[in-house]
Each structure stands twice: as C-alpha cells, then as structure tokens.
Number of protein chains: 4
Amino acid sequence: MRRKTEPTRKATFIEEHRRRQLIDTAIETIANEGLHQASLSAIAGRAGVTKGVISYYFKSKHELVERVMADILADIRGFISERVAGSPTPSLKLKNYVSAFFDYAMVNRDRYAAFVELWTVIAWGSNKNPFGSVSYVQCRNYIDTILREGQKKGDFPQLDLNQLSTLIQGMVDGVIIQWLLDPELVNIDVCKKKVLETLDIYLSLSGACLK
Amino acid sequence: MRRKTEPTRKATFIEEHRRRQLIDTAIETIANEGLHQASLSAIAGRAGVTKGVISYYFKSKHELVERVMADILADIRGFISERVAGSPTPSLKLKNYVSAFFDYAMVNRDRYAAFVELWTVIAWGSNKNPFGSVSYVQCRNYIDTILREGQKKGDFPQLDLNQLSTLIQGMVDGVIIQWLLDPELVNIDVCKKKVLETLDIYLSLSGACLK
Amino acid sequence: MRRKTEPTRKATFIEEHRRRQLIDTAIETIANEGLHQASLSAIAGRAGVTKGVISYYFKSKHELVERVMADILADIRGFISERVAGSPTPSLKLKNYVSAFFDYAMVNRDRYAAFVELWTVIAWGSNKNPFGSVSYVQCRNYIDTILREGQKKGDFPQLDLNQLSTLIQGMVDGVIIQWLLDPELVNIDVCKKKVLETLDIYLSLSGACLK
Amino acid sequence: MRRKTEPTRKATFIEEHRRRQLIDTAIETIANEGLHQASLSAIAGRAGVTKGVISYYFKSKHELVERVMADILADIRGFISERVAGSPTPSLKLKNYVSAFFDYAMVNRDRYAAFVELWTVIAWGSNKNPFGSVSYVQCRNYIDTILREGQKKGDFPQLDLNQLSTLIQGMVDGVIIQWLLDPELVNIDVCKKKVLETLDIYLSLSGACLK
DNA sequence: GATGAATGAGCATTCATTCAT
DNA sequence: CATGAATGAATGCTCATTCAT
C-alpha cells in the first residue's frame, strides 16, 4: 500500500510485481505445507523476504488470503472460459468445460490444491462462507447457461435441467479431490474419460431415464 | 481421570458420557465454526465447561480430534454397512450404498460437515494426510468389492470397473459438499435421485459406451 | 486434616500412617523422577491413591514438601546423633559424625538425593531459603560443639576453630553430591576414608599449619 | 529473528547484545528466584521486555537454559584456565585452580548460584543429568591432569591420586555452596585460606598419612 | 475417608501485526 | 522499500486446589 509518496507508474509496476510474487508464494506454501502451516513467516521465508514485506503489501493476512482466492478463481475462470468460448455447440461447450476443469487441475496441481484447502475453511473470519459457496454458485450458473442454451437450440430436447449442474460439477470436483489426496491410486486420465462419457450419455439420452 | 484402579460401573458411565458430550460438541464446533476456530476454549465454551475439562478427558487436542474422526468414520461405516448388508443383489447393494451416503449426510449434517472439514485439512500434525486418503481408499474398496461381486455373478456383464469406484464416490461427495456449502440452492433430494439414475444407467449399459 | 468428626485414637493412628506413607512416596518420587516431575498426581500415582488424598492429609503441596524436608532432616539428625552420642572422646565424635554422614547417604540414597534436590530449590514460596541454610547452620553448630568440647578438654590444643566446621561439612557434602551425580566414577568408600584421614591430620596437627 | 540472508554487522551486534542481556537476566533470575520460578515472564519482566522477545531470540526455553549453562561453564572454564595456565609448577597450578574457583564464585555470585541451581536440577527434560555430571567430570579430570603432571615431575612423590580430585573439588564446592546459602555466617575468605592450607598439607605430606 | 470431577491460574509457544529506522 | 525488533493475544497444556458425593 502506497503511503505518502505520490504513486508513479514504475512504483505501481514494481508493487504489482511484488504482490504477484507474494500471492504465488502463498499459494505454493498453502499447497505444499497446508493452510495451517502457511503462517506469514513461512510464506515470507519461502519468498526470501521478511514478514514485514507481506504486511506492507497486504493490510492483513485475511486480505492476502482473499487475494489468493480471487487470483485462483480468476485463473480457473479464464482458463475455462477460453476453452469453452472457442467451442461451436453447447454440447462441445459442456464437454470442454468439464475437460478444462480436469486439465486445469492437472496442470496447476498446486493452485488447485490450495483452492481446495482454502474453500474448505468455510468460515474464515466472522462472516460465514465468504468464498466456497460463491464459487460453486458461479460454476453451476456457468453450466446452467450452457445447458439452457443447448436446450433452447434443441440439442438436449428432453433433458431435465433441474440440479443437473450440481451433478456435473460434483462429479468433476469429487473426482479431482480424490486425485489430489491420492495421486497414485486415482488415475485422473481414466476418470476424466469416464466423466466425459457420462456426460455423453446424459446429453444423448432420451428424456426417459434422466428426466 | 481414571488411573489404574478398576473402574466402577458408575464412574465409567459418567466418564463415557462426558467424553461423548465433548466429542459431540467438538463436532458441532468444527462443523459450525471450522476446524481452525475450533480451539479447546471454543469447544469448552460451547459445552459450557472450562477447557481444563477437555484436557481432563483427552490427553491432547490431537487425541480429541482423532476420536472425533474415528467416531464419525465408525458411525458412517456402520450406517452404510447396515443398509448395504441387507441388500440381496450387488446392484441393490451399490444403490443402497449411494443412497445411504446421502441419507447419512442429510440426517447428520454436522457430523458430515465436520468430517469434510477434517479430512480436507490434509496435513494435521507433521505427517501428511493421516485421515483423508485412508477413508477414501476404504470407500473405493468397498464399492469395488460390490462391483466385482456383481461382475462375478454376471450382473454387470461388460462394465469396465477401472476407476469406476472413484467416479461413483466422487459424484456422491461432490454433490454433498455443494449441498453442505449451499443448502438453499442445492436440492439434495433431486440430486440424490439423479445420482441413483446415473448409477442405473451405468449398470444397465452395454459395454459399448462406458467400457 | 481432621474436619468435623472428633478425633479418635484409631483415626489418628491411621492418619499418621497415611501421612508417613505419603511422605515416603513423595521422597521416592523426588529422588527418582526429580523435584520438577514430582507433581501431586505423580506422587499419588506412585502411592496408588488419588490426588485428593494428598490434599486431604496436607493442606498444600508446600506443606507436604515441608514435611518431607523435616522428616529427612530428623532422620539424618537421629542417625548421626546416635552414632556420635555413643562416642567417648570429642575426636571420635567428630570422626563418627563424618562417618555417619557418609553411611547415611550410602544407605539412604533416595532420601539423601531428595534432600539435595530440595534444599537447592533455595527459594521455595515467597520467603528465601527456608530450609537450606537452616540445616547447614545446624550441621555446623553440631560440629562446632564437638570441636569446642575437644578444645576445652585439651584434645585439640592449638586448633583454630574459626570456619573449621564449614570446611568439614563442605568436604562431606561436596563429595557426597558428586557421588550422587556419578556413582560409577566416584568411589564413595575411598572418598570417605580420605576425608577421615584429613580429619585425622587436622586433629593431630600442631597449630603451626592450620591455625 | 535472523533468517538465511547474510547478517549485517550492525544487526548481528544488536542481536548479540540482546541475547547477552537476556542470558544475563536469566542467570540473575535463576540465581535470585530459583530455577522453578524463572518462568519466561519472570525473566522478561526482569529484563523489562515482554516474553515474546525471549521467544524471538531463543527458539525455546530449553535453548535459553542451555545457553545459560554453556555461557557460565565457558566463563568459569576461561577464568580458571587463565589462572592455572600462568602458573609455573603443578603445585601452584593446583593452588591457583582452587583459588580461582573461590575467586570466581566471589566475584560472580549470581552466575555461580545459577550454576548450582541448574546442575542440581538433575533431570532437565527427559534424560537424566544432561549438565551436572559432565561438568564435575571435567573438573575432576582437570585436577587429575595437574596431579599426574606433578607426580611425573616428582613434586608429589608418594601421593595417592585415587579419588583425590573428588576430594579437592568437593571441598571447594561444599564450602562455596554453604557460603551461597549463608553469606553472613560463612566467611568465604577464611574458608578459602583453610582449603588452600589443607592442599598444602596434602602436597607436602610424606606418603605415610594420605597414601 | 476417599474419589472423581471440575476449576483456574500459570506455563511455553506461535503468530499476526506494528513500527522505527 | 524493506528490515529487524517488539508486542500481545491466543493456543494447547499442566497442575495444585476445591468440592460434592
């Protein structure tokens, strides 16, 4: 946080760079040592700076964690949006959404692990559940939008959309979490394939079954 | 606390009663305030006693948490086993396993929430993942056993079992977690029904799709 | 401490017996586990009773320790007095005093170790040095009395008594403490013999040297 | 505290200064209030800082006490070595060793008192006797070396060296401890003189008596 | 008499936070 | 900008003490 000197463009640039570095280090620390061990000194130590630096750039630990959360969320969102946006049909969009989720987790294991660590701390500070629910709501809405688009276009004629997004998001997360906890026993590639196949079934289904 | 003299019936009863109460209060605290906030004084405060009482009945906080975990695990396991054991066919067993999971979470919201809080804090103490993975492994093994039994009997002729248990467990947990975070938006009953339908599809499928 | 019932002879007898047992166990605990570890529960555990019993017989831990100290002191005093009293000449009295000190320590290692542990805790409670100094003063006075008696009788004609008791007591304790800390390396028998020889030298000396 | 970056001269200076101050205050506290009362807050209070400062400079209380012990030991050793090293003959070396011990105690009353407090608490932590015995062994070995050197040179022709070091060290400590407990009644100067005279007697003795 | 139960003060320790330099 | 220094609240834990039964 700038204090008394007037902000120049350069300073802001350096500042932003430092903030990025600290956020990244925080993520790294949370992912590798767990949220519980991720004290300010642990993060600072990993970043090669002193604790004071973190306090200088973030007014509290709470704020740092908020930024970490926001950063990861934006990252995931960007990654997925890009993949989905380039897809021609709702059906492909949905499959790419799911696909992208798995790919993101596989490529950014640390970030995803930190993400899971963080949102499970349901009540951070005083207000309940400041992150967890929000992000899930966004995810489901995202899926719902795709699904509704598909239904409007007539691609998924008789599909019952109610809570379907919860189901899809649940499959993705439920599998990825198991993989995070147990990368040796859980074959994430096979799981991803199977989730996509399930999706195929849903989408190709006559309304009879999954109504 | 008790020492080496043989316990009288009354003393043991009171002692066990207190232990139960404290474990329950700990679960309540973890579920509602998060593991991080669940300090000994927070738990003691909720229980209406001083924190010394907790130290009196449990030799460390670690032990209390271990008991909480063991208690919930045994509870879930018992609940599900009973439901599965009474099922005549592998197919029903599987559906009842899933069904029971949902029912347990719905009836024991706090316990399930505490459970999720606990195993997500992957690194409790020094060694990584003392609880989390273990329980997932057990869940998947449980499902695998049912699936293999069904295949041996010829019920699921061409089903590819590889990682299927991960998928099933993932669906269940992924959905329940969303419901825990957002009970208003997530309709757990509808979700449960849809998961069971998906299961039906899996089991009735010719090997063509979900091989 | 008796409370409301009138004290009967029998009760007093039992009470005294219990007190003895608890004091002995306290000594045992202090000697074997160190004063620091000798908590009320440690002592109670060793005695096979609950903490409450100790509180019943001693109004505080402070009092228990005081009794322990007094008990050991009385014991040592009795042991030594008996040996000294039976000696015909001041010279033999002195040698028997020293001799008895060594013998007491060798026969009652626990008691002596507890004694050393205790008086080193110089400031127990608020008032400084309630035990340590007192006992040393008594020891020196005891020696001084013997020495003066001998001088009066003409046995040690030109001996300078000033601080001699401190020296004698110092030799005895200084050696015994080393033996307590290191029974393998310190040969207490040889040391005792050498201390007695030194005493002989003192007593047979013309005033020229040790004036 | 310092991390891994190379320390600047100033920082190290201030840091070392504080460490010294805290060690000195710890010694003062142990000497005057006893080890048992020397809690971190007691030490911090005496030093005029909050107890957090101690944790900042020493990673645990155990470490602080270890430093205190090492510091005193090194101090005593240095003081005595210097005095002994400058002595031409074994006989003078021995007398200067004893002399230096008294002088050190007299000039550094607190340090010596803390030293006695510390090594008498035989069981610090779990393992028995981490300091006490070690230092006595070193003292005796030191004396033994001087004695053997003298005997080799022919200065102490028929002296029996067995356990003599224990006796000499015992006299010194035994007297000093009494003086620490009772500085008014114990005249340390007279005692020192008498111990040195005893030494003289030992060394000048024909083998007849103290063989 | 004795016990189990409960308390509360005190302990060492961790850690986010503040601040002068 | 960054650091080292210091703080103080909170945590888990121990333990002497009290008390109803």
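We name chains A, B, ... by the order of the sequence lines, and we start the count at 1 in each one. In what follows, every heavy atom counts, from backbone to side chain, and hydrogens, waters and symmetry copies are set aside.
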Review point. Which letter, B, S or -, goes with each nucleotide of nucleotides 6-13 of chain E from 5' to 3', with contact meaning a protein heavy atom under 4.0 Å?
Key: BBB-BSBB

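- The minimum heavy-atom distance between D:A114 and D:I72, with the atom names listed, is CB-CD1, 4.1 Å.
- We find the CG-CG distance between D:L35 and C:L35 to be 10.0 Å, quoted to the nearest 0.5 Å.
- C:D24 is linked by a salt bridge (charged side-chain N to carboxylate O under 4.0 Å, His left out) to C:R20, C:R111, counting only residues two or more places apart in sequence or in another chain.
- Regarding D:H17, its NE2 atom lies at a distance of 15 Å from the C1' atom of F:dA5, rounded to whole Å.
- The distance between atom CD1 of C:I54 and atom C1' of E:dT3, rounded to the nearest whole Å, is 13 Å.
- The minimum heavy-atom distance between A:A42 and A:Q37, with the atom names listed, is CB-O, 3.5 Å.
- A straight line from CD of A:Q21 to P of F:dC1 spans 13 Å, rounded to a whole angstrom.
- Every residue meeting the side-chain contact (heavy atoms from CB on, under 4.5 Å) condition with D:A44, not counting sequence neighbours, appears here in chain and number order: D:V49, D:K51, D:I54.
- Using a 4.5 Å heavy-atom cutoff, the side chains of B:R19 and B:F58 are in contact.
- With hydrogens and angles ignored, the 3.5 Å screen pairs no side-chain donor or acceptor of C:D75 with any backbone N or O of C:D71.
- Look at CD on C:E63: it is 14 Å from C1' on F:dT17, rounded to the nearest Å.
- Distance B:F13 CZ to E:dT3 P: 23 Å, rounded to the nearest Å.
- Every residue meeting the side-chain contact (heavy atoms from CB on, under 4.5 Å) condition with B:T25, not counting sequence neighbours, appears here in chain and number order: B:Q21, B:T29, B:I43, B:R46, B:A47.
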Revision key, fill the gap. Given Watson-Crick and G-U pairs under 3.5 Å, DNA chain F in dot-bracket ([ ] crossing, | other strand) is .||||||||||||||||||||

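- In this structure, B:F58 places its CZ atom 13 Å from P of E:dA5, rounding to the nearest Å.
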